[in-house]
Protein chains: 2
Amino acid sequence: MDDHLTAWTVQVRKGLLEVLVLNALRSAGEAYGYDLVRSLAGHPGGDLGEGTLYPLLSRLRLQGLVATRLVESDAGPARKYYRLTPAGEHTLDAMNDHLDTVLAGWKRLRARRS
Amino acid sequence: MDDHLTAWTVQVRKGLLEVLVLNALRSAGEAYGYDLVRSLAGHPGGDLGEGTLYPLLSRLRLQGLVATRLVESDAGPARKYYRLTPAGEHTLDAMNDHLDTVLAGWKRLRARRS
DNA sequence: CCTGGTACCTTGTATAACGATGTACGAGGT
DNA sequence: ACCTCGTACATCGTTATACAAGGTACCAGG
């Protein structure tokens, strides 16, 4: 029974993780992948691996929602910093609004328990 | 840009639709598929087709979260009524709690805008 | 006889999360 | 020299799901 619940949480994260990352990116102003993994780990529902985040960031870049900037590091490999584009800001607002709407429907149905 | 947003909303619905239906089922006590499509259409984010709902209900039945009851109708084909099982009630509570947790993380990140 | 509403179901396509795996760099220990 | 650890990026295969499109069947009214 727990088996099905964990499978469900995976499905819920689809798309929801995208808004989470975009919001984190806007609040940080600028951040690189490896850092996002660690900072989001503290947030509820923000527990993701690198195999999840890097493809996500790549998609966002291809869609023009974020822009990247390579910065060499003294200790370790170069970091790829991400920040929102104007289109990304606009899209994020639309996403947040959409979530508000959908969740309003959820809360309404949830309240009416028998 | 709207193209990407509509694709995103599809991904958000994955899994989220399942909680919506389960909550609707609990608040109604008992309901059949065709009726759920119409009643959920009024709720924000509850716009779904039959090709979405029927496979969803089948999955829920296979997982033991809902039970079915066939009732013949005077006008039209027989209706398959669905209602939550005890396991379904328990799982639904866990889902609602999980959503509460995840959405708390979303709201926290969303509040901190630059 | 045909249309339209009710009611169920299946198939194919596209998309995303995630674990596993791989690459590469620098610092510190032995 | 060698190894290990932490940093940092990336890709692949599996699995699960929404959705449109299409299909079946029943009943009533024109």
Side-chain angles (χ1 to χ4, degrees), chain A residues 3-22 31-41 45-63 65-66 68-82 95 98 102, chain B residues 3-22 31-41 45-63 65-66 68-82 95 98 102:
Chain A
D3 200 30
H4 161 246
L5 257 181
T6 52
W8 173 75
T9 58
V10 171
Q11 298 301 322
V12 165
R13 290 165 73 85
K14 301 208 173 190
L16 217 56
L17 215 48
E18 196 168 314
V19 211
L20 217 73
V21 167
L22 284 174
Y32 58 97
Y34 197 78
D35 190 46
L36 275 174
V37 172
R38 284 177 306 183
S39 64
L40 282 176
D47 233 350
L48 41 61
E50 305 170 25
T52 300
L53 183 64
Y54 287 123
L56 201 167
L57 289 172
S58 285
R59 285 199 308 270
L60 294 176
R61 196 176 59 92
L62 285 176
Q63 292 159 356
L65 304 185
V66 300
T68 59
R69 185 171 67 99
L70 258 182
V71 178
E72 294 184 37
S73 172
D74 299 352
R79 297 166 175 172
K80 190 181 276 185
Y81 281 88
Y82 293 82
M95 285 175 169
H98 178 79
V102 172
Chain B
D3 201 29
H4 161 248
L5 257 181
T6 52
W8 173 76
T9 58
V10 170
Q11 297 303 319
V12 166
R13 290 165 72 88
K14 301 207 173 189
L16 215 56
L17 215 48
E18 195 168 314
V19 212
L20 216 73
V21 168
L22 284 174
Y32 58 97
Y34 197 78
D35 190 46
L36 276 174
V37 171
R38 284 178 304 184
S39 65
L40 282 175
D47 233 349
L48 40 61
E50 305 170 25
T52 300
L53 183 64
Y54 287 123
L56 202 169
L57 289 172
S58 285
R59 285 199 309 270
L60 294 176
R61 197 176 59 91
L62 285 176
Q63 291 158 357
L65 304 185
V66 299
T68 58
R69 186 171 67 99
L70 257 182
V71 177
E72 296 184 35
S73 174
D74 298 352
R79 298 167 175 172
K80 192 181 274 183
Y81 281 88
Y82 293 82
M95 285 174 169
H98 179 78
V102 171

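Below, chain A is the first sequence line, B the second, and so on; all start at residue 1.
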From CD of B/Q11 over to C1' of C/dT13, roughly how many Å is that when rounded to an integer? 12 Å
Quick one: label B/D35 by what it contacts on the DNA or RNA (base, sugar-phosphate, nothing), any heavy atom closer than 4.0 Å. nothing
Begin from the C-alpha positions of B/E18 and B/M95 and carry the test side-chain contact (heavy atoms from CB on, under 4.5 Å) through to its verdict. CA-CA 9 Å; B/E18 195 168 314; B/M95 285 174 169; 3.4 Å; yes
Interatomic distance, A/L70 CG vs D/dT7 C1' [rounded to whole Å]: 15 Å
Of all the choices, D/dC26, D/dA18, D/dA10, which nucleotide is nearest to the side chain of B/R59 once you look at every atom? D/dA18
Is A/Y34 close enough to D/dC9 that one of its side-chain N or O atoms is under 4.0 Å from OP1 or OP2 there? no
Measuring from A/L22:CG to A/L57:CG, what's the distance to the nearest 0.5 Å? 9.0 Å
Could you check whether any side-chain heavy atom of B/R59 comes within less than 4.5 Å of a side-chain heavy atom of B/L56, counting everything from C-beta outward? yes
Protein-nucleotide distance (B/L60, atom CG; D/dT17, atom P), rounded to Å: 9 Å
Separation of B/Y82 atom OH from C/dA7 atom P, in whole Å? 13 Å
Which whole-number value in Å describes the distance from B/E72 CD to C/dC8 P? 13 Å
A/P55 vs A/R38, nearer the 5' end of DNA chain D by closest nucleotide: A/R38
Scan B/G49 against the nucleic acid and name what it touches under 4.0 Å (heavy atoms): base, sugar-phosphate only, or nothing. nothing
For A/L48 and A/R13, what are the C-alpha separation, side-chain angles and deciding distance, and is it a side-chain contact (heavy atoms from CB on, under 4.5 Å)? CA-CA 10 Å; A/L48 41 61; A/R13 290 165 73 85; 3.7 Å; yes
Side chain of B/E50 only, heavy atoms from C-beta on: which candidate in C/dC9, D/dA18, D/dA8 is closest? C/dC9
Check whether any side-chain heavy atom of A/T52 lies under 4.5 Å from a side-chain heavy atom of A/V37, and answer yes or no. no
Looking at C/dA7, I'd like to know if its phosphate oxygens (OP1 or OP2) sit under 4.0 Å from a side-chain N or O belonging to B/Y54. no
Closest to the B/R13 side chain, choosing from D/dA8, C/dA7, D/dC19: D/dC19
Which nucleotide, D/dA10, D/dC19, D/dA8, lies nearest any side-chain atom of B/L48? D/dC19
note: A/H4, atom NE2; D/dT17, atom C1'; distance rounded to Å ~ 11 Å
Phosphate contact (D/dC9 OP1 or OP2) by A/Y32 side-chain N/O below 4.0 Å: no
Per atom distances to the B/V10 side chain, the nearest of C/dT6, C/dT15, D/dC19 is D/dC19
Could you state the CH2-P distance from B/W8 to C/dA16, rounded to the nearest angstrom? 12 Å
Toward the 5' end of DNA chain C, which comes first, A/T52 or A/S73, by nearest nucleotide? A/T52
hbond_proxy A/K14 side chain to D/dT17 base (donor-acceptor, 3.5 Å cutoff): no
Rounded distance (Å) that lies between atom C1' of C/dA7 and atom OH of B/Y81: 11 Å
Could you check which of C/dT6, C/dA16, D/dT17 has an atom nearest any side-chain atom of B/P77? C/dT6
Are A/H4 and B/L65 side-chain neighbours, meaning at least one heavy-atom pair lies under 4.5 Å? yes
